[in-house]
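All residue numbers refer to positions in the sequence shown, counting from 1. All values derive from a computational prediction rather than experimental measurement.
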Amino acid sequence: MKKKLLIRDLTLRDGQQSSFATRMTQKQIDKVLPYYKDAGFYAAEVWGGAVPDSIMRYLNEDPWDRLEKIRNGFGGKTKLTALSRGRNLFGYSPYPEDVIEGFNRLAIKGGIDIMRIFDALNDLDNMQTTIDYVKANGGLADCAVCYTVDPHFTFADRVKGMISGKKVPPKIFTVDYFVEKCKQLERMGADIISIKDMAGLIPPGVASPLTKRLKSEIKIPIDLHTHCTPGYGLACALVAIVNGVDIVDTVIGNFAGGPAAPAFELVQIFCDKLGIDTGVNLEQVTKINRDLYTIRKELDKFDEMKQFPVDIDIANYTLKNDINALFDRAIDAAKNDRIEETTSLCQEIEKTYNYCAPDEIVKAAQIPGGMYTNMLAQLKQLKLDHLLEKVLRTVPRVRLDSGLPPLVTPTSQIVGVQAVYCVVAEDKGEDFYSNKSTQFVNLVKGVYGKTPYPVDPDFREMICGSKEEMPYDVSKYKKQDNPALPEFEDVKLAKNEKEELLLELFPAVAAGFLKNKREVEYKKILAEIKAVEEIEVRKIHEEAEKYNQLTTDEKKAILLEGLYNNW
């Protein structure tokens, strides 16, 4: 009996978000849904993340409608997955329980089978109620631990044992750290455990021992989620597979690689050689990939890579001898923990199929690609991009000061923005922390939860005015207004619970989207009323014309019989 590996396809959510700024329209998604229905993926991530915000903001589409259409398109044959940030959902600050409960209940009712739950600080307390609500509504709780790396301090800093007056911390983000977090989540009720490496920073040398430990110490399924930005993605997937991981996240060919997850086709070839059954209908994948090629061309202005991979008909492929040897050598290296060789060979395979080369800047800086590009954009806007190297050297200090938050969304952006502020301030001769973002203050204050490393009380006092942690008080949460719109006959801005949740979770974007939706509905009603009135008027004129054509005697007869009103 063949070994099995489950595949979670990310193409319609994480894939398009990573590579094309979440700009797939419903029309484009509808094009591939008939093939997805019978593709046989264990799961498909289709919702959450940036999808609800982006499709309202840029496409004027309803997130709940998208979920319903995808659910109908898949026909219940594949588990649908969404992404949520636990207590913070899609924002920064925690939401009250009724908002968290309502979102998870309606998401599952709308078609989501698996809710992938994470917290940007790996503060598991921020995940507990979401786990409970998901399970109470019949969903599976996929609990993710965010992978991150320890800050890179210089050799001189480590010799001195100090950086900017603070002790250089011990290694925090070890295999033991991640294993212990996963064990806690299993005890908290997780149905699946995911190692979620949104930045692609997990090297195969960590993925291998981590997978081994998790498979020996955790009873529930283990999922590996990583990206290819610094060039580790495919090798990480391979070492995880040979070490028994249960689920691997992939993206279909034309949307894969680079900032996205590894290509399904390359993972499938490894599985074929290892005698592992993914259960995927490969003919359907080939059809999906064919249409993704056209869709990617339509998304050209959002495509920063502009590099299409070599087409693989994964249902009917043959490998040339030299390429076949690359796959075989990579498998042998992975099985025998020759990590550097595994990585090199997997990168050679990706190069052969024209996937993007590793981003050496991101690899060297050990920060997410999005964090790097945001910092560079900030500096360019200020005409200070010559300070980039100094900003990169400053990131470890800012991160240490703020409690070593993982470099994942949104904390990576908070740290990156603050590093720019600090360097610009110093360049002007001002104090290092003279300019502080609201988000950085809240991070240090404790609003977003507990950081992996304690924030120095004196530093917190300098930044926030108090030495003590000040967690967010949800009792102070103010519900978003849902006004009546006088210009549309006093209809409410949000007409039902789903729309009210959009307003709570994305207030600025949803307000504009919903107002536009109400306007369209109002104009449609007016048009229908006008059409009915025109029909009635036309009928009256037709009947009057008929009456006028009658003879005098016929008109008298009608009047005498009292039938005129029927005309």
| Parallel, tilted or perpendicular: which fits the ring planes of Phe41 and Phe264, with parallel below 30° and perpendicular above 60°? | perpendicular
| said: Under 4.0 Å between a side-chain nitrogen and a carboxylate oxygen: does that hold for Glu521 and Arg518? | reply: yes
| request: Find the distance between OG1 (Thr294) and CG (Leu299) and round it off to the nearest 0.5 Å. | output: 11.0 Å
| message | Within the structure provided, determine whether Phe488 and Glu519 are in side-chain contact (heavy-atom separation under 4.5 Å). | response | yes
| query | Hey, are Glu101 and Tyr95 close enough side-chain-wise for a donor-acceptor pair under 3.5 Å? | reply | no
| query | Do Leu185 and Ile193 come close enough that some side-chain heavy atom pair is under 4.5 Å? | reply | yes
| message | How close do Ala330 and Cys346 get, counting heavy atoms only, and between which atoms? | response | CB-SG, 4.4 Å
| message | With a 6.0 Å cut-off (strictly less than), is the heavy-atom count around NZ of Lys517, excluding the residue itself, greater than 12? | response | yes
| query | To the nearest 0.5 Å, what is the distance between CG (Leu282) and CD (Gln268)? | reply | 4.5 Å
| Can you name the closest pair of heavy atoms from Ile367 and Val362 and give their distance? | O-CG1, 2.9 Å
| query | Just by distance, with hydrogens left out, do Asp9 and Tyr42 show a side-chain donor and acceptor under 3.5 Å apart? | reply | no
| field | Qualifying residue for side-chain contact (heavy atoms from CB on, under 4.5 Å) with Ser208, from Thr342, Val242, Val239 | value | Val239
| task | Take atom CZ of Arg105 as the centre, draw a 6.0 Å sphere, and report whether it contains more than 12 heavy atoms from other residues, nucleotides or ligands. | result | yes
| task | For the pair Asp303 and Lys297, find out whether any cationic side-chain nitrogen is under 4.0 Å from an anionic carboxylate oxygen. | result | no
| query | Any side-chain heavy atom of Ile349 sitting closer than 4.5 Å to one from Leu266? | reply | yes
| said: As an exercise, state the distance from OG1 of Thr11 to CD1 of Ile288, rounded to the nearest 0.5 Å. | reply: 7.5 Å
| Lys306, NZ: over 12 other non-hydrogen atoms inside 6.0 angstrom | yes
| Charged N to carboxylate O under 4.0 angstrom, Glu45 versus Arg8? | no
| field | Any donor-acceptor pair under 3.5 Å from Asp490 side chain to Ala484 backbone | value | no
| field | Thr286-Asp313 side chain donor-acceptor pair, cut-off 3.5 Å | value | yes
| remark: Nearest heavy-atom contact between Leu121 and Pro406 is CA-CD, 3.8 Å
| field | Lys3 side-chain N/O to Gly275 backbone N/O, donor-acceptor pair under 3.5 Å | value | no
| In Å and rounded to the nearest 0.5 Å, what is the CG to CG distance from Leu210 to Leu224? | 8.5 Å
| query | Angle class for the Tyr36/Phe74 ring planes (parallel below 30°, perpendicular above 60°, tilted otherwise)? | reply | tilted
| message | Quick check against the 3.5 Å criterion: does Gln16 have a side-chain atom that pairs as donor or acceptor with the backbone of Met24? | response | yes
| message | Is it the case that the side chain of Glu283 and the backbone of Ala315 share a donor-acceptor pair, with hydrogens and angles ignored and the cut-off at 3.5 Å? | response | no
| task | Give a yes or no on whether a salt bridge exists between Glu500 and Lys495, defined as a side-chain N under 4.0 angstrom from a carboxylate O. | result | no
| field | Gap between atom CG of Leu5 and atom CG of Asp246 - 0.5 Å precision | value | 8.5 Å
| request: Kindly determine whether Phe506 and Phe513 satisfy ring-ring contact (aromatic ring centres under 6.0 Å, His included), including the steps that lead there. | output: CA-CA 10 Å; Phe506 314 98; Phe513 168 75; over 10 Å; no
| message | Less than 6.0 angstrom from the centroid, inside 45 degrees of the normal: does Arg296 satisfy that with respect to the ring of Phe308? | response | yes
| request: Please answer whether the main-chain N or O of Ala261 pairs with a side-chain N or O of Asp249 as donor and acceptor at a distance below 3.5 Å. | output: no
| message | Using the ring centroid of each side chain, check whether Tyr133 and Phe103 are separated by less than 6.0 Å. | response | no
| Can you tell me if Asn122 uses its side chain to pair, donor with acceptor, with the backbone of Lys181 under 3.5 Å? | no
| task | Tell me, with the steps shown, if Phe255 and Ile252 meet side-chain contact (heavy atoms from CB on, under 4.5 Å). | result | CA-CA 6 Å; Phe255 276 34; Ile252 294 175; 6.0 Å; no
| message | Could you tell me if the side chain of Phe270 sits less than 4.5 Å from the side chain of Phe327, heavy atoms only? | response | yes
| message | Tell me whether Ser18 contacts the main-chain N or O of Ala260 through its side chain, where contact means a donor paired with an acceptor under 3.5 Å. | response | no
| Any donor-acceptor N or O pair under 3.5 Å, side chains Tyr522, Glu489 | yes
| request: Verify the distance criterion only: is there a donor paired with an acceptor across the side chains of Asp38 and Asn281 at less than 3.5 Å? | output: no
| remark: Between Gly110 and Leu67, the two heavy atoms sitting closest are O-CG, 3.5 Å
| Met56/Leu502 under side-chain contact (heavy atoms from CB on, under 4.5 Å): CA gap, chis, key distance, verdict | CA-CA 10 Å; Met56 285 191 293; Leu502 292 180; 4.0 Å; yes
| field | Salt-bridge present (Lys273, Asp332; N to O < 4.0 Å) | value | no
| message | Checking Ile195 against Leu214 for the side-chain contact (heavy atoms from CB on, under 4.5 Å) test, could you report, in this order, the C-alpha distance in whole Å, the side-chain angles of both residues, the deciding distance, and whether it holds? | response | CA-CA 10 Å; Ile195 296 300; Leu214 292 175; 3.8 Å; yes
| query | When you look at Glu180 and Lys183, which way does the side-chain contact (heavy atoms from CB on, under 4.5 Å) test go after all the steps? | reply | CA-CA 5 Å; Glu180 184 51 40; Lys183 286 181 174 179; 4.1 Å; yes
| field | Side-chain donor-acceptor contact under 3.5 Å, Asn104 with Asn137 | value | no
| message | Tell me if the CD atom of Gln480 is crowded by more than 12 foreign heavy atoms within 6.0 Å. | response | yes
| field | Any donor-acceptor pair under 3.5 Å from Asp197 side chain to Leu201 backbone | value | yes
| task | State whether Arg116 and Asp142 are salt-bridged, where the test is any N-O pair (Lys NZ or Arg NE/NH1/NH2 against Asp/Glu carboxylate O) under 4.0 Å. | result | yes
| Between Glu487 and Lys515, is there a salt bridge with N-O shorter than 4.0 Å? | yes
| query | Gln284 side chain to Tyr35 main-chain N or O, any donor-acceptor pair under 3.5 Å? | reply | yes
| query | What are the two closest non-hydrogen atoms of His225 and Lys196, and how far apart are they? | reply | NE2-NZ, 3.5 Å
| request: Before accepting this row, confirm whether a basic side-chain N of the pair Arg23/Glu61 lies closer than 4.0 Å to the acidic partner's carboxylate O. | output: no
| field | Ring centroid separation Tyr448 to Tyr472 under 6.0 Å | value | no
| Asp119/Arg87 ion pair, N-O < 4.0 Å | no
| said: When you measure from the side chain of Asn496 to the backbone of Lys498, do you find a donor-acceptor pair of N or O atoms at a distance under 3.5 Å? | reply: yes
| task | Enter the distance from Gln26:CD to Asp62:CG here, rounded to the nearest 0.5 Å. | result | 10.0 Å
| message | Quick one, Ile314 and Val280 - any side-chain contact, counting heavy atoms below 4.5 Å? | response | no
| remark: Between Leu407 and Ala199, the two heavy atoms sitting closest are O-CB, 4.3 Å
| said: Counting only heavy atoms from other residues, nucleotides and ligands, does the tally under 6.0 Å from CD of Glu217 exceed 12? | reply: yes
